[in-house]
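Here the structure comes first, spelled out in structure tokens, and everything after it is commentary.
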Amino acid sequence: MDSQKQAIKGAKVLMVGAGGIGCELLKTLALSGFEDIHIIDMDTIEVSNLNRQFLFRQWHVGQSKAKVARDAVLKFRPHINIMSYHANVKDPDFSIDFFKQFNVVLNGLDNLDARRHVNRICLAANVPLVESGTTGFLGQVTVHVKSKTECYECQPKPTPKTYPVCTITSTPSKFVHCIVWAKDLLFAKLFGDKNQENDLNVRSGDAASSSEHTEDVFERRLNEDPEQYGQRIYDHVFGYNIDAALANEETWRNRNRPKPIYIKDVMPDKPQQQNGNLDDNSVNGNSTVSAMPSLGLKNPQNIWSLLENTRVFLESLKLFLVKREKEIGNLTFDKDDQLAVEFVTAAANIRAASFGIPMQSLFEAKGIAGNIVHAVATTNAITAGLIVIEAIKILQSDATNYRMTYIVEHPLRKMLLMPVEPFEPNKSCYVCSETPLSLEINTNRSKLRDFVEKIVKNKLGMHYPSILHGTSIIYECGDDIEEDFAQNYALNLEKFLSELPSPVTSGAVLTVEDYQQELSCSIYIKHREEFDEEKEPDGMLLTGRMPVLSNDDTWPISNGESSSNAPKQLPGTKEDSDEISAIPADTEIALTGSKRKQSEISDVDGEVAISACTSGIKGSNQKPEEVDDNGDDDVVMLDENPYKKKRLH
Ligand SMILES: Nc1ncnc2c1ncn2[C@@H]1O[C@H](COP(=O)(O)OP(=O)(O)OP(=O)(O)O)[C@@H](O)[C@H]1O
Ligand SMILES: [Zn+2]
């Protein structure tokens, strides 16, 4: 015991993230006897954090999380050393050398991008990492020690839930489809980057795709006042487009036909007089602009009528045009943007009404649109406790007792925690074993820019990449590049791969490196002419062992009520990158002394035994009770034999 105390006392630990898990972790570390703790967090405190990030109080709103957390803990542990950094862990200041000073790194992060970055730096610095995540009642803590256990990226991450484009654009059957349409298509079309591709017109009027109607219909006409514009958009998307789609009888043969909705049907009187008064909105900043007060709508948990949704639609659109004109063209949906949530709720509800799908309250809609799984403070506390337990084992080099622990929703033999022996490093992991990857790509039609953005940055998670073809450097990124080189790289970005000064064609091998992450990776290039737009929207296919990464690298974990921004593109909604990973198929489970392969406790459909855990992954954009909208999230209960499960119907 003394040696344990000594190990704790002498340890220097780095915590990354001072949010839901981080607050619990810092408190538990301090109370467990740790005396030298460094904390990095890039955020400031928000009101929505206060319900569970208990080191923070209302008067701290707007202040650095890392600093306030430090000050709060120093109040009851004044003698210990806590260093806080209000910064992004990806900043070059947090170099490999910086990481080397720590005995262990503890992650309480909320996004895949930062986790992958920390994983790579820890590997390069050879510092053990304890990784964690929670989603509602589910949680996990994993241990990553270079060459001894798998790294954070050895296992592919669950694929984000996606929806076929045509479901979203033409045949929604669930409310979430309407939300994705409202947020990723309509909102993006009206308020987002005009250069972004958008499937709104292509599909919405498929049947009667009369180009004269679809062209520029979303552009506000010269001298068109906000009300007229709003009504025109309303009639187009909820009326005309539905009428046009109905013309294609084939689509509706086995489906319920939607009902077109025109303004005049909902508001037979002059609609502009029904709208709220702009002057009623006291505007102190963008986040306070709201359509609800002027329309007399107070309770976000009420489900609005079609008329109310129509009013909110028109009013919120008008408020964007009048009060937030400068932002138009640059907006992406943000769940913390009240007006955006109001617009998306109203648009989704009107579409839902048209397709016979039950409407939802703003509160529910916001949860779905923001991929919010409501945080459970207790799960964070348990997770923090487990992190400290693993950290202590690491400090004592007690490798035989390392465990990855899953917090499950449906206890196994009354066991809430499921400890699993860590795996060995995956020999085909491109991060810790540097195995090559293959890329199928149309080398005549894909630009270097596409490769850099879609593959190197988005899929491989590199931030400062260099790309080499043989010995020629075709691209480099960073602040210290000489001007003429930088100009050449900028020119290269706009060239097709096969037209680069050192042409990249089938059979070429590219080396992609990130110096900050000390990661290098070879990619075999294979030319392919055609790609399936629906299945391969990137127009390229990367294969080999790699984690599945979301399109949005800021896609955060849901450790709380306000957890993430929305997906930026179809198909699909964004999933929470807080990814409670599925327990890998061959996981050995150490349960009360016995070990079994995970595959042995799977049932006939091959579903992982921890159904709640799995469904939490599959549907983490939904609330816990709705986690799996495919209806396959049946409660799973074990009978006398703990490894055989049966379904409860
Ligand atoms: N790259 C990063 N560098 C430093 N800190 C980060 C980075 N990415 C995420 N974090 C921090 O990790 C913490 C995660 O905490 P948590 O999941 O509770 O999220 P939150 O933002 O506090 O809450 P919510 O998103 O649920 O409102 C946040 O405080 C966030 O600032
Ligand atoms: Zn690995």
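Both ligands and their constituent atoms are indexed starting at 1 by order of listing.
Both the backbone and the side chain of V89 come within 4.0 Å of ligand 1, judged by heavy-atom distances. The proximity of N111 to ligand 1, defined as any non-hydrogen pair under 4.0 Å, is limited to the side chain. By the criterion of a heavy-atom distance under 4.0 Å, neither the backbone nor the side chain of A375 is placed next to ligand 1. By the criterion of a heavy-atom distance under 4.0 Å, the side chain of K65, and not its backbone, is placed next to ligand 1.
For the residue pair S290 and E342, a side-chain donor N or O sits within less than 3.5 Å of a side-chain acceptor on the partner. Of the N and O atoms on the side chains of E131 and N107, at least one donor lies less than 3.5 Å from an acceptor on the other residue. Side chains of N119 and E153: a donor-acceptor N/O pair is present below 3.5 angstrom, by distance only. D113 and H463 are linked by a side-chain donor-acceptor pair at a separation below 3.5 angstrom, with hydrogens and angles left out of the test.
For ligand 1, the polar-atom distance check against D41 finds a nitrogen or oxygen pair separated by under 3.5 Å. When only interatomic distances are considered, the shortest N/O to N/O separation between L109 and ligand 1 does not fall below 3.5 Å. Checked by distance only, ligand 1 and G20 come closer than 3.5 Å through their nitrogen or oxygen atoms.
At a threshold of 4.5 Å between non-hydrogen side-chain atoms, the residues I80 and L74 count as touching.
Shown here is K393, whose NZ atom has more than 12 heavy atoms of other residues, nucleotides or ligands within 6.0 Å. Residue K526 qualifies as open at atom NZ: its count of foreign heavy atoms under 6.0 Å is 12 or below. Other residues, nucleotides and ligands contribute at most 12 non-hydrogen atoms within 6.0 Å of the OH atom of Y524.
Close approach of ligand 1 to A87 is summarised as follows: ligand atoms under 4.0 Å from at least one heavy atom of the residue are 3 (N), 4 (C). Heavy-atom proximity to Q53, at under 4.0 Å, picks out these atoms of ligand 1: 18 (O), 20 (P), 22 (O), 23 (O). Below 4.0 Å from some heavy atom of G17 lie the following atoms of ligand 1, by number and element: 12 (O). Short contacts between ligand 1 and G108, defined as distances under 4.0 Å to a heavy atom of the residue, involve ligand atoms 12 (O), 13 (C), 14 (C).
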Given the rule in the side-chain contact (heavy atoms from CB on, under 4.5 Å) test, do V89 and I121 qualify, once you have shown the distances and angles that lead to the verdict?
CA-CA 10 Å; V89 72; I121 304 271; over 6 Å; no
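Angle SG(C432) to the Zn ion (ligand 2) to SG(C429), rounded to 10°: 110°.
Taken to the nearest 0.5 Å, the CG atom of L29 stands 6.5 Å off from the CE atom of M15.
Assignment of E46 to the shell around ligand 1 is not supported, since no heavy atom sits closer than 4.0 Å. Taking 4.0 Å as the cut-off, R52 counts as a neighbour of ligand 1 on heavy-atom distance.
For atom 1 (N) of ligand 1, the choice among N88, V47, D91 with the nearest heavy atom turns out to be N88.
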